[in-house]
Enquirer: 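What follows is a structure written as structure tokens; I'll ask about it next.
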Amino acid sequence: MRVLLIDDEKELVTTLSERLDLRGIDNDWAISGEDGLKHFEKRTYDWVIVDLKMPGLGGFGTIRTIKSRWPRTKIILLTGHNSSDSQDEARGLGADHYILKPFDIKDLLALMQQDN
């Protein structure tokens, strides 16, 4: 399984990356939607975990681009703001799951395992 983490909180993505490394999960990370999309120029990903609110290209725009160009990639949207409208929009764009911050890595891994 190969995972791309995209969040403007660098500490979050680097910590999550380290935790995935410890579990033997191949991953890369980016701190913007634009940088995240650049990773797809070099490799493909089974999963993308993306933050909703980011400067520049936000979560919805990132999901839209990924799903239009790499439709088989599964996506988990992360957010600190729960809203049924944003959940509906994320699912409409093709997000597979929606997780609220803070989250437990075990729950995140369980979602990826069940859908893999």
Side-chain angles (χ1 to χ4, degrees):
M1 173 176 10
R2 186 175 299 144
V3 179
L4 176 61
L5 311 167
I6 307 172
D7 195 307
D8 61 322
E9 293 180 49
K10 186 174 181 179
E11 186 175 328
L12 174 71
V13 290
T14 56
T15 300
L16 186 53
S17 176
E18 289 171 4
R19 290 181 167 203
L20 293 175
D21 284 341
L22 290 171
R23 289 164 173 82
I25 297 173
D26 185 22
N27 70 89
D28 294 307
W29 57 269
I31 57 171
S32 73
E34 295 88 353
D35 287 343
L37 294 175
K38 288 178 185 175
H39 280 276
F40 277 93
E41 295 170 8
K42 300 175 218 152
R43 56 196 319 199
T44 58
Y45 296 91
D46 301 303
W47 283 95
V48 173
I49 300 167
V50 61
D51 186 28
L52 176 60
K53 303 280 186 187
M54 295 183 290
L57 185 63
F60 291 145
T62 303
I63 292 169
R64 187 178 295 111
T65 301
I66 290 169
K67 283 300 190 176
S68 70
R69 296 171 70 189
W70 303 279
R72 291 186 175 169
T73 302
K74 295 183 181 185
I75 297 176
I76 297 174
L77 183 68
L78 293 177
T79 185
H81 310 8
N82 191 13
S83 157
S84 60
D85 289 341
S86 60
Q87 284 185 34
D88 292 344
E89 185 170 352
R91 291 195 192 285
L93 292 171
D96 297 277
H97 298 285
Y98 185 97
I99 295 181
L100 289 175
K101 294 178 186 177
F103 60 93
D104 187 321
I105 190 159
K106 292 176 186 171
D107 296 335
L108 180 69
L109 293 171
L111 283 176
M112 293 190 308
Q113 295 293 334
Q114 81 183 26
D115 284 1
N116 207 11

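Note: hydrogens, waters and symmetry copies are ignored here, and every other heavy atom, side chains too, is used. Note that the structure is a prediction, hence the values are computed from the model and not measured.
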Enquirer: Hey, could you give me each pair passing side-chain hydrogen bond (donor to acceptor under 3.5 Å, both in side chains) that has a residue in residues 12-25? Not counting sequence neighbours.
Expert: S17-N27, D21-N27

Enquirer: Any idea which heavy atoms bring K74 and D96 closest together, and the distance?
Expert: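 Nearest heavy atoms, K74 then D96: CA-OD2, 3.1 Å.
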
Enquirer: Exactly one of D7, I63, L78 should register a side chain to side chain contact (heavy atoms under 4.5 Å, CB included) with V50. Which one does?
Expert: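 Exactly one candidate clears the test, I63.
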
Enquirer: List the steps, then state whether side-chain contact (heavy atoms from CB on, under 4.5 Å) holds for I6 with T62.
Expert: CA-CA 9 Å; I6 307 172; T62 303; 3.9 Å; yes

Enquirer: Answer yes or no: is there a side-chain heavy-atom contact under 4.5 Å between I49 and V13?
Expert: no

Enquirer: Only counting residues at least two apart or in another chain, list the ones meeting side chain to side chain donor-acceptor pair (under 3.5 Å) with R72.
Expert: none

Enquirer: Any idea which heavy atoms bring G36 and A30 closest together, and the distance?
Expert: N-CB, 3.4 Å

Enquirer: Do side-chain atoms of S68 reach the backbone of T65 as a donor and acceptor pair under 3.5 angstrom?
Expert: yes

Enquirer: Does the plane of the ring in Y45 sit parallel, tilted or perpendicular to the ring in F40? Use 30° and 60° as the thresholds.
Expert: perpendicular

Enquirer: Once rounded to the nearest 0.5 Å, what's the spacing between atom NZ of K101 and atom OG1 of T79?
Expert: 7.0 Å

Enquirer: Kindly indicate whether the side chain of D107, heavy atoms from C-beta on, has any atom under 4.5 Å from the side chain of I99.
Expert: no

Enquirer: Measure across L100 and F103 and return the closest heavy-atom pair with its distance rounded to 0.1 Å.
Expert: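 Heavy atoms only, the tightest pair is O-CB, 3.6 Å.
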
Enquirer: Residues two or more places apart in sequence or in another chain: which of them pass salt bridge (charged side-chain N to carboxylate O under 4.0 Å, His left out) with E34?
Expert: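 Residues passing salt bridge (charged side-chain N to carboxylate O under 4.0 Å, His left out) with E34: none at all.
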
Enquirer: Which residues satisfy the ring-ring contact (aromatic ring centres under 6.0 Å, His included) test with F60, sequence neighbours excluded?
Expert: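 If we apply the ring-ring contact (aromatic ring centres under 6.0 Å, His included) test to F60, skipping adjacent residues, there are no hits.
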
Enquirer: Under the criterion side-chain contact (heavy atoms from CB on, under 4.5 Å), I'd like the reasoning laid out for M112 against D46: C-alpha separation, chi angles, the key distance, then a yes or no.
Expert: CA-CA 9 Å; M112 293 190 308; D46 301 303; over 6 Å; no

Enquirer: Rounded to the nearest 0.5 Å, what separation is found between the CG atom of L12 and the CD1 atom of I31?
Expert: 12.0 Å

Enquirer: For W29 and K10, work out which heavy atoms get closest and say how close.
Expert: CH2-CE, 3.6 Å

Enquirer: L4 and I66: side-chain contact (heavy atoms from CB on, under 4.5 Å), yes or no, with the steps?
Expert: CA-CA 11 Å; L4 176 61; I66 290 169; 5.6 Å; no

Enquirer: Measure the shortest side-chain to side-chain distance between I75 and L93 over non-hydrogen atoms and say whether it is less than 4.5 angstrom.
Expert: no

Enquirer: K53: what forms a salt bridge (charged side-chain N to carboxylate O under 4.0 Å, His left out) with it, not counting sequence neighbours?
Expert: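 Listed in chain order: nothing, the list is empty.
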
Enquirer: May I ask you to test the L16-I105 pair for a side-chain heavy-atom distance under 4.5 Å?
Expert: yes

Enquirer: Strictly by salt bridge (Lys or Arg N to Asp or Glu O under 4.0 Å), give each pair with a member in residues 54-64 just once, sequence neighbours left out.
Expert: none

Enquirer: Among R2, R43, K42, which one satisfies side-chain hydrogen bond (donor to acceptor under 3.5 Å, both in side chains) with D28?
Expert: R43

